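Every chain is numbered from 1, with letters handed out A, B, ... down the list of sequences. Here the structure is a predicted model, which is why all the values come from computation and not from measurement.
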Number of protein chains: 2
Amino acid sequence: MYRQVQRVRHDDGMTPPKYRQVADALRREIDSGKYPPGSRLPSESELSGRFDASRNTVRSGLGVLVSEGLITSSQGLGYEVRSHEVFELNASKFENLNFPQNGDAYNTDVTNAGRRPHQTFRVEMLPAPKDVSERLRIEAGTKSVLRFCHRYVDDVPWSTQATYYPGWLVEEAPRLAEPGDIAEGTTRYLADHGITQVGYFDELSARMPTPDEARLLEVGAGVPMLLWMRTGYSESKPIRCTITTFRGDLNRMNYEIGDLSARGESL
Amino acid sequence: MYRQVQRVRHDDGMTPPKYRQVADALRREIDSGKYPPGSRLPSESELSGRFDASRNTVRSGLGVLVSEGLITSSQGLGYEVRSHEVFELNASKFENLNFPQNGDAYNTDVTNAGRRPHQTFRVEMLPAPKDVSERLRIEAGTKSVLRFCHRYVDDVPWSTQATYYPGWLVEEAPRLAEPGDIAEGTTRYLADHGITQVGYFDELSARMPTPDEARLLEVGAGVPMLLWMRTGYSESKPIRCTITTFRGDLNRMNYEIGDLSARGESL
DNA sequence: GAGGGCCACATGTACCGACAAGTTCAGCGA
DNA sequence: TCGCTGAACTTGTCGGTACATGTGGCCCTC
């Protein structure tokens with residue numbers, strides 16, 4: 001039987017719990033530059049001594065910073081301060097006949113940024129998920145073509161992109177369902193078969209990764225995903241739905257709307 | 001001195017740690033509908049019995065689900081499955097002279113959705129933060145006007161919106177720096193003073209909330225923020241920079257690009 | 001010099017115990 | 001009836017211990 005010293009003050013200026021004090025102190029030191037991005041924090045046992053707290057308590061504090069996305073931990077190595085180099089994507093420029101959104105566009109973008117692109121690719125036929133079938137305006141469960149892309153930058157998993165085409169479209173453009181790249185780009189290929197994309201509807205949201213996504217993109221706790229759903233329309237109906245998942249902290253999506261001649265070339 | 005039974009298998013088909021098994025099992029049950037949104041999970045001690053694990057281990061498992069944004073916990077009550085009613089924002093329609101992005105637009109939108117809007121408002125003059133001054137193309141630290149809005153939906157904190165105007169703009173449109181609403185909307189007010197916004201540049205990203213944001217928006221762990229930066233331009237230069245932070249899981253931002261006549265009124 | 005084994009140290013998992021503090025409700029008393 | 005108190009739940013915090021497991025470097029051997 002033992003007695004622990006717990007918090008005593010119950011007034012308004014409540015002392016935060018110890019694990020939070022640890023988190024706050026370390027967060028301040030990280031923000032102040034004492035621990036710059038890429039550097040390593042002291043070990044749990046060192047911090048335990050410094051804060052006069054048990055290793056469990058220190059771990060809770062570090063856990064807060066991990067779930068804030070400030071640091072990562074790796075077994076055997078320690079805690080490292082994360083760096084945040086963001087990658088810019090210009091969404092409103094992505095797709096047109098001259099600059100289709102295709103593997104090539106991605107390759108070009110990444111290469112221009114001085115990084116090394118790499119992607120894996122897969123084609124499947126399967127019933128469309130509910131949210132996709134609603135957007136493609138087809139019956140739930142109707143067959144659709146999924147063209148799936150898993151993209152890397154400098155061998156770091158970067159994004160997954162799943163494009164669904166409604167089943168009826170395959171009748172008119174059979175190569176959609178065939179494995180392998182479409183060299184001229186799907187947008188161009190469809191246009192050549194009389195299906196021209198004239199507009200699209202984008203939806204953006206954020207959420208924490210599902211276990212699947214965490215595995216595919218090798219993200220740990222504290223890294224939110226940026227979700228981008230693009231539904232493309234011909235003059236008469238929806239013809240595709242693309243769902244892209246990014247690491248939200250490493251990507252920024254841009255839209256240019258209206259007259260931006262004043263923006264010039266800078267930035 | 002005691003001995004614990006720990007995992008033994010070291011082969012490829014590695015058994016996941018127990019806390020993860022707990023998380024996976026509960027996640028499946030939530031997905032399956034056994035615990036629908038709004039319902040409560042069994043208590044830690046019940047789960048402890050069911051999974052033959054200590055309360056700490058069960059807590060770790062639940063912590064995984066919390067940081068995935070699937071559940072929330074409240075002291076004295078238990079764990080509740082979160083619901084995800086998303087709120088739609090049409091970004092590409094937001095701003096023009098007839099439908100300015102103003103408190104009114106927000107009020108209208110929320111009321112139309114059958115919810116109750118409420119907002120607090122504040123005006124300040126202060127040096128522009130670095131990221132803002134870059135976008136407004138003014139010297140870092142130059143004075144700027146901040147018009148800050150904290151918005152609620154049904155008394156739930158929903159978003160914060162900070163709009164910065166460059167200091168030089170105040171000379172031509174002094175009411176910007178005065179506290180209180182500008183009834184006709186700032187866009188209209190600026191247009192009446194010869195400053196017309198002809199285009200804007202949007203940047204979207206996601207990250208975990210800072211402690212400040214967590215406080216203002218009352219979000220717990222596992223809820224990512226959706227960040228929206230909009231820089232508005234006149235014909236010759238940037239005239240404003242709006243930074244909006246949303247709960248990423250409860251909001252969806254939409255963009256309409258090109259000809260969407262096929263989309264019709266539905267959805 | 002190259003390779004392997006081993007040790008030191010990092011975090012990861014799992015258990016135990018105790019007490020603090022928020023919520024609900026039955027039950028008691030004015 | 002109303003209001004308060006306390007019991008019985010809940011989760012939150014903090015401490016301890018033991019052992020598993022990943023990493024890197026030292027050192028010995030071949």
| request: Can you figure out which of C:dA14, D:dT11, C:dT11 approaches the side chain of B:P17 most closely? | output: C:dA14
| Considering only D:dG12, C:dG12, C:dC15, which nucleotide approaches the side chain of A:R55 most closely? | C:dG12
| query | Would you call A:E134 and A:K130 a salt bridge, using N to O less than 4.0 angstrom? | reply | yes
| query | Quick one: A:E80 CD to C:dA10 C1', roughly how many Å, whole number? | reply | 14 Å
| For D:dG12, does OP1 or OP2 lie under 4.0 Å from any side-chain N or O of B:Y79? | yes
| field | Nearest-nucleotide pick for B:T57, side chain only, options being C:dC15, C:dT11, D:dG15 | value | C:dC15
| task | Spell out yes or no: do the side chain of A:Q75 and the base of D:dT21 have one donor N/O and one acceptor N/O closer than 3.5 Å? | result | yes
| request: Using a 4.0 Å heavy-atom cut-off across all strands, classify A:S74 as base, sugar-phosphate, or nothing. | output: sugar-phosphate
| request: Starting from P on D:dC14, measure out to CG on A:L62 and report it in whole angstrom. | output: 14 Å
| field | Nucleotide nearest A:S54 (side chain, heavy atoms from C-beta), chosen from C:dG12, C:dT13, D:dG16 | value | D:dG16
| When the distance from NZ of A:K18 to C1' of D:dG12 is rounded to whole Å, what number comes out? | 15 Å
| Taking atom P of D:dT23 as reference, at what distance in whole Å does atom CZ of A:R40 sit? | 12 Å
| Ionic contact status for A:E80 with A:R40, cut-off 4.0 Å | no
| For the pair made of CG in B:N56 and C1' in D:dG15, what is the distance, rounded to whole Å? | 11 Å
| A:L41 CG to C:dA10 C1', straight-line distance once rounded to whole Å | 13 Å
| task | Consider the side chain of A:S43, meaning its heavy atoms from C-beta on, and name the nucleotide among C:dC15, C:dA10, D:dT13 that approaches it most closely. | result | C:dA10
| field | B:R59 CZ to C:dC16 P, straight-line distance once rounded to whole Å | value | 15 Å
| request: Tell me what B:S45 touches on the nucleic acid: a base, only sugar-phosphate, or nothing, going by heavy atoms under 4.0 Å. | output: sugar-phosphate
| request: Could you tell me whether B:E85 and B:R115 have a side-chain N and a carboxylate O separated by less than 4.0 Å? | output: yes
| query | Choosing from D:dT10, D:dT23, C:dC15, which nucleotide comes nearest the side chain of A:L77? | reply | D:dT23
| field | B:D52 CG - C:dA14 P separation (whole Å) | value | 12 Å
| Worked check of side-chain contact (heavy atoms from CB on, under 4.5 Å) between B:M229 and B:C241 | CA-CA 7 Å; B:M229 300 190 57; B:C241 182; 4.1 Å; yes
| Knowing that exactly one of A:T231, A:D202, A:T163 qualifies, which makes a side-chain hydrogen bond (donor to acceptor under 3.5 Å, both in side chains) with A:T242? | A:T163
